[in-house]
Structures are given as C-alpha cells and as structure tokens.
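First the structure, in the form of structure tokens, and then the observations on it.
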Amino acid sequence: MNIGRASQESGVSAKMIRHYEAIGLMARARRTDGGYRIYSANDIHTLQFIRRARELGFSMKQIERLLGLWRNRRRASADVRRVAQQHIDDLQARIEKLESMRRSLQQLVQHCHGDDRPDCPILDDLAGEVSWQ
C-alpha cells in the first residue's frame, strides 16, 4: 500500500512515517519503479506499535529499544519490564514536579488580589521580588 493508505491504516501521519524512516526507527520503505513508497502489513503493525508507544509517552530512544525487544523472540520479559518501569519512574518524577509547580502557582494566585491595583505577587515572584510572604 502507498504512504497515504499506510497513514490511514496505522493512524500515523505520512510526515511522521517519513520521519521514522529517516531516523531509522523503521526500515526504509520499498519503492515502486516510479519511486513511490510501498508498505506491507508488517510495516503497518510496526507503525501502530510506534504510535501506541508514543501515546504512552515513551521517548524515541525507548521506542527504539522496545522495538528491538519486540522483534527479538528470544528476549527476556524482564528487559521489557525494565524499560517500562524506568518510564513509570520518569513519569512519576515529572508528575511530582508538575504538582509542585501547581502548588506554588496556587499559593501565588491566593495572594493576588485580582483587582485594579498594580501590585501583583505573581509578577513579583517571577521577578524574584517576593513581597507577600
């Protein structure tokens, strides 16, 4: 099938399909005599794998590792689990950082009068001039 159909079947844009080929995440597509890319059912399956991994927030490097493990029938599931657990740990750290940011912003918003006066603890904090504490 051509790249348009591959995009439709996999849920991955044609632009991203070309990108994944360019960075080596998937093999370069075979070409017709006219130079058009053609994709197989296996290529579509790989694209769906990549799309799902991206939806779960895996990095390109992690996806490359997972693809290698997926293709290796002699893999140890412990290797796959290790990649996924590291991703969970990274997500948890990001969640904690975001929660901290949210708490800080909530505190700033609580101290902002939100009226017509020009003084603003939010801007003071951003400028490093904490005036409300």
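All values below come from the heavy atoms of this structure, side chains included, with hydrogens, waters and symmetry mates left out.
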Throw together a table of side-chain donor-acceptor distances under 3.5 angstrom for residues 113-122, partners on residues two or more places apart or in other chains.
unit_1, atom_1, unit_2, atom_2, d
H113, ND1, R117, NH2, 3.1
H113, NE2, R117, NH2, 3.1
D115, OD1, R117, N, 3.0
D115, OD2, R117, NE, 2.9
D115, OD2, R117, NH2, 3.1

Just list the side-chain donor-acceptor pairs under 3.5 Å for residues 26-33, sequence neighbours left out, or say none.
unit_1, atom_1, unit_2, atom_2, d
R31, NH1, G35, O, 2.7
T32, OG1, G34, N, 3.2
T32, OG1, G35, N, 3.3
T32, OG1, Y36, N, 3.0

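Here the side chain of S7 pairs no donor or acceptor atom with the backbone of I3 at under 3.5 angstrom. Looking at H111, its side chain does come within 3.5 Å of a backbone N or O of Q107 through a donor-acceptor pair. At least one donor-acceptor pair closer than 3.5 Å links the side chain of Q48 to the backbone N or O of E9. Put simply, the side chain of T46 gets close to the backbone of N42: a donor and an acceptor are under 3.5 Å apart. With D89 contributing its side chain and Q86 its backbone, the two residues share no donor-acceptor pair below 3.5 Å. Put simply, the side chain of H87 gets close to the backbone of L56: a donor and an acceptor are under 3.5 Å apart.
Partners of S13 under the side chain to side chain donor-acceptor pair (under 3.5 Å) rule, at least two apart in sequence or in another chain, do not exist in this structure. Remark: F49 engages W70 in a ring pair (Phe, Tyr, Trp, His ring centres under 6.0 Å) (not counting sequence neighbours). Not a single side chain to side chain donor-acceptor pair (under 3.5 Å) links R54 to another residue, sequence neighbours left out. Considering only residues two or more places apart in sequence or on other chains, D90 meets the salt bridge (Lys or Arg N to Asp or Glu O under 4.0 Å) condition with none of them.
Two residues are said to be in side-chain contact when any heavy atoms from C-beta on lie closer than 4.5 Å; M16 and R51 fail this criterion. K61 places none of its side-chain heavy atoms less than 4.5 Å from the side chain of R65. Contact check for E99 versus R102: side-chain heavy atoms found under the 4.5 Å cut-off. In this structure, the side chains of Y39 and R5 stay at 4.5 Å or more apart for every pair of heavy atoms.
For the atom pair CG of L108 and CD of Q110, the computed distance is 9.5 Å after rounding to the nearest 0.5 Å. Of the inter-residue distances, the one linking E64 atom CD with I50 atom CD1 reads 10.0 Å to the nearest 0.5 angstrom.
Within a 6.0 Å radius of CZ in R81, other residues, nucleotides and ligands contribute 12 heavy atoms or fewer. Annotation: R94, atom CZ; neighbour count of heavy atoms from other residues, nucleotides and ligands within 6.0 Å does not exceed 12.
Under the 4.5 Å side-chain heavy-atom criterion for ILVMFWY residues, no single connected hydrophobic cluster contains both I88 and F58. A continuous path of hydrophobic side-chain contacts links V12 to I23 [ILVMFWY only; heavy atoms under 4.5 Å]. A continuous path of hydrophobic side-chain contacts links M60 to L47 [ILVMFWY only; heavy atoms under 4.5 Å].
Under 3.5 Å, the side chains of E96 and Q92 contain a donor-acceptor pair of N or O atoms. S59 and Q62 share a donor-acceptor pair across their side chains, judged by distance under 3.5 Å alone.
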(Q) Could you go through V80 and R75, starting from their C-alpha distance and side-chain angles, then the distance that decides it, and tell me whether this counts as side chain to side chain contact (heavy atoms under 4.5 Å, CB included)? (A) CA-CA 8 Å; V80 180; R75 70 184 170 257; 4.1 Å; yes
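The two residues L25 and L67 come nearest to each other via the heavy atoms O-CD1, 3.4 Å.
Salt-bridge annotation for R18 and E21: absent, with no side-chain N of the basic residue lying under 4.0 Å from a carboxylate O of the acidic one.
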